[in-house]
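Since the structure comes first, as structure tokens, the remarks are kept for the end.
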Amino acid sequence: MKRLTLARACAALAAAGSIASLPAAAQTSTADAIAEYRTMLADGNPADLWVAKGEELWKKVRGPKNASMARCDLGRGPGVVKGAFVELPRYFSDTARVQDLESRLLTCMETLQGFNAAEVAKTPFGRGEKANIESLVAYVASESRDMAFNLPQSHPDERTMYETGKRIFFYRGGPYDFSCASCHASDGKRIRLQDLPNLTTQKGAGAGFGSWPAYRVSNGQLWTMQHRLNDCYRQQRFPFPEYASEVTVALGVYLGVTARGAESIAPAIKR
Amino acid sequence: MTLKHHLSIAAVATAAAAVVSGCAAPRAPAPDYDKMADAMMKTSFRAQGQAKMDRVQQDPLQDACSSATAPPESVTKKLEATQLATIKPPASGQYIGDWKSGEKLAENGRGMTWSDKPEADSGGNCYNCHELAKSQISYGTIGPSLYRYGKLRGVQNPADPGSAAMVQYTWGKLYNAKAYSACSEMPRFGHFKVLNEKQLQDLMAYLLDPKSPVNQ
Amino acid sequence: MGDPMRIRAQVKDGVADVRVLMAHPMETGFRKDSAGAVVPARYIEEVKATSGGKTVLTARWGPAISQNPYLQFRFKGAKVGDKVTIVWTDNTGDTRTDEATLS
Amino acid sequence: MSRHSRRDILRQAGAVAAVAGCGLLAGRNALAANPPGFEAKTLDAAMKSLGGAATESKDITITSPDIAENGAVVPITVSSNLPQTQEIYIFVEKNPFPLTASFTIPEGTDPYVSTRVKMGESTNVHAVVKAGGKLYTTFKETKVTLGGCGG
């Protein structure tokens, strides 16, 4: 694994060794202890470091056109950040398509600042302008904290993306026969010790879709929804979903519409 | 193709009816979301590492099991029969391997992703979804608990002829779980060559060997 | 110099409660990158907090402090409007200073 | 305190930070190297480097999770009720270098520090407090688990 930190390597040893020596404690007490651990981490979420950087990037004059993002239209009008996150993905008439936050940031970086969107999309997560998008995502999300998801479904293309997204969610493939639904379509399931939200319900989609972007303590990175979906498909043993591609946006619409009414806690902190 | 054909006929029929009754223009047929979703699956991905584009090409079973509701029994029965026919017994005739190697496989959740080395063996991924030995508290619950799998099924000696039916069923389940439940979430480890014969034998031992921690 | 810190500093009954997040990789020197090369150690060795010209905390750290470090401490005799300054220095000599106003 | 007002403070802190100077890179030798205890490879050796034996004390409290979901980030808080607390040390027993952090507590600063540490495996965390020139200690265990599918 490329993200082999000391802690990870050692943690793997721990799983093989000392976990086996843990008393076969009732699963509930383990769950309680883990809940306590998460509570201890909730205050002081390093995602705040990305929020600060993103806010700075939003206002900064950058790129070949020497412009800031301050006129970027995220759906609520040019420059309006507050409340935009909980209404995305949505239809944009200037590009004539449904876009999620990351797709839309690419558009603004290209039209306002003169960056090459295709090149930025190809950049690996956590590098170069892709890393800058991650900070911008953290900032934009933070400006809708505690607001309820309310994705529009008035444009026919938005309804199409919901319907196709739902079908893509159940699409099985690859050598393991997995779909998103393999792990995320029943209540109360776990993979190893990790709780799996049922993303087909309002509550589950609110908890799942509604907590990305998030800081991941396992690797010290801030993961956006695109990064989350990308890694889900990696673990489904699928090929590589292109950044901001139709499949990823359609899934965002399906999950976001399903989550309607749930309050956003993004950027959250995750295992 | 057939479906589309039917739709256009229906549209013509509706249009004719509309003309006759003097109503407004007919409504367009409902969009074919299934087809649109399939098209997106083909254009939104690219090959990466060992994960090539053939992986979004569905086989008939994957296609039939790709919606929120399970297909009717008439369909699942046929699928199960087809899958049952794929199961091959071990070439060596030997069903049971080494439970210690099986345990390592059960713990291992790696393999076949675009970031895994193509030549590296896959893990069994068992603990992701199943409880097995009591000593491992980090287990998933997507599948049923397999704690005391062999013991609860009365397997005292897997080599005993009395255990043959259970041994062969378990082999079949690992080889192609879809033979017993068409839209099961469990991968077809033997059928899709995720695991080789030796690995399957070792997992068999982990489940069925009376000395395995699973059966303590 | 690294990215900005996030400092929260609040006063209650004359006691300042300071919570700091620092953007830093805290590389142990044991980790290997995807090419198999060892990533050199890079970690914050010292954190110094001052307020009103007085040092209120000095921390010395090894590489086992978590990535993007968190630090919380409390000092007395503080009032709203006072400043608190945090300086970190890592083992490569890199350093960063940020300041916050107590509220 | 609500999230919103907290964010306002954050923003304020950030603005000030932009003004604050970052200084030139300090040379490696401009910096006092960490004391020898940080290089000790066993708990005993690391504790000995503090210059004396520590007495068990109930006046030191370690707050840490019983089970940490991820060893990369384990929150540890140490507080002391011992009069004249001058220094606080945190040791992670089974890490390659057990001494993880030391804190100098000047007069007027509460004998309380909270941070997050890496843990290679389930281990005891030891806190040593220097108070009135003497050393005191206590410990607490944290178990480290691994979730997810290991991919």
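As a basis for the values below, the full set of heavy atoms in this structure was taken, side chains included, without hydrogen atoms, waters or symmetry mates.
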In terms of heavy-atom pairs under 4.5 Å, which option from [options] contacts chain A the most?
options	answer
B:G111, B:S66, B:A51	B:S66
B:A47, B:P213, B:S67, B:G49	B:S67
B:C129, B:A39, B:C183, B:P31	B:C183
B:M40, B:Q48, B:R46	B:R46
B:Q57, B:E103, B:M112, B:Q58	B:Q58
B:A37, B:G140, B:S44	B:S44

### Summary
CG of B:N176 to NZ of B:K88, rounded to nearest 0.5 Å, is 10.0 Å
Side chain, backbone, both or neither: which part of [X] has a non-hydrogen atom closer than 4.5 Å to chain A?
X	value
B:S122	side chain
B:F192	side chain
B:D54	neither
B:V56	both
B:K117	neither

### Task
Verify the neighbour count for atom NZ of B:K193: are there more than 12 heavy atoms of other residues, nucleotides or ligands below 6.0 Å?
no
### Message
If you count heavy atoms of other groups shown closer than 6.0 angstrom to NZ of B:K173, is the number above 12?
### Response
yes
### Task
Using a strict 4.0 Å threshold on nitrogen-to-oxygen distance, state whether B:K42 and B:D38 make a salt bridge.
no
#### Entry: Between A:T160, A:D177, A:I168, the one whose heavy-atom pairs under 4.5 Å with chain B are most numerous
A:D177
### Option in A:P175, A:S245, A:G173 with maximal non-hydrogen atom pairs under 4.5 Å from chain B
A:P175
## Note on the structure
Bottom line for A:F178: the part with an atom under 4.5 Å from chain B's heavy atoms is side chain
### Message
With a 4.5 angstrom heavy-atom cut-off, is it the side chain or the backbone of A:S182 that approaches chain B, or both, or neither?
### Response
both
### Message
Would A:C232 and A:C180 count as a disulfide pair, i.e. SG atoms separated by less than 2.5 Å?
### Response
no
### Task
Name the orientation class of the two ring planes belonging to A:F238 and A:Y171 (parallel below 30°, tilted from 30 to 60°, perpendicular beyond 60°).
perpendicular
### Query
So is A:R167 actually on top of A:F169's ring, under 6.0 Å and inside 45° of the axis?
no
### Message
Do A:K270 and A:Y215 form a cation-pi contact, if we require the NZ or CZ to be under 6.0 Å from the six-membered ring centre and within 45 degrees of the ring's axis?
### Response
no
#### Entry: Smallest separation among heavy atoms of B:G123 and A:Y176, with atom names
O-OH, 4.4 Å
### Task
Say whether B:S101 and B:D98, considering side chains only, have a donor N or O and an acceptor N or O under 3.5 Å apart.
yes
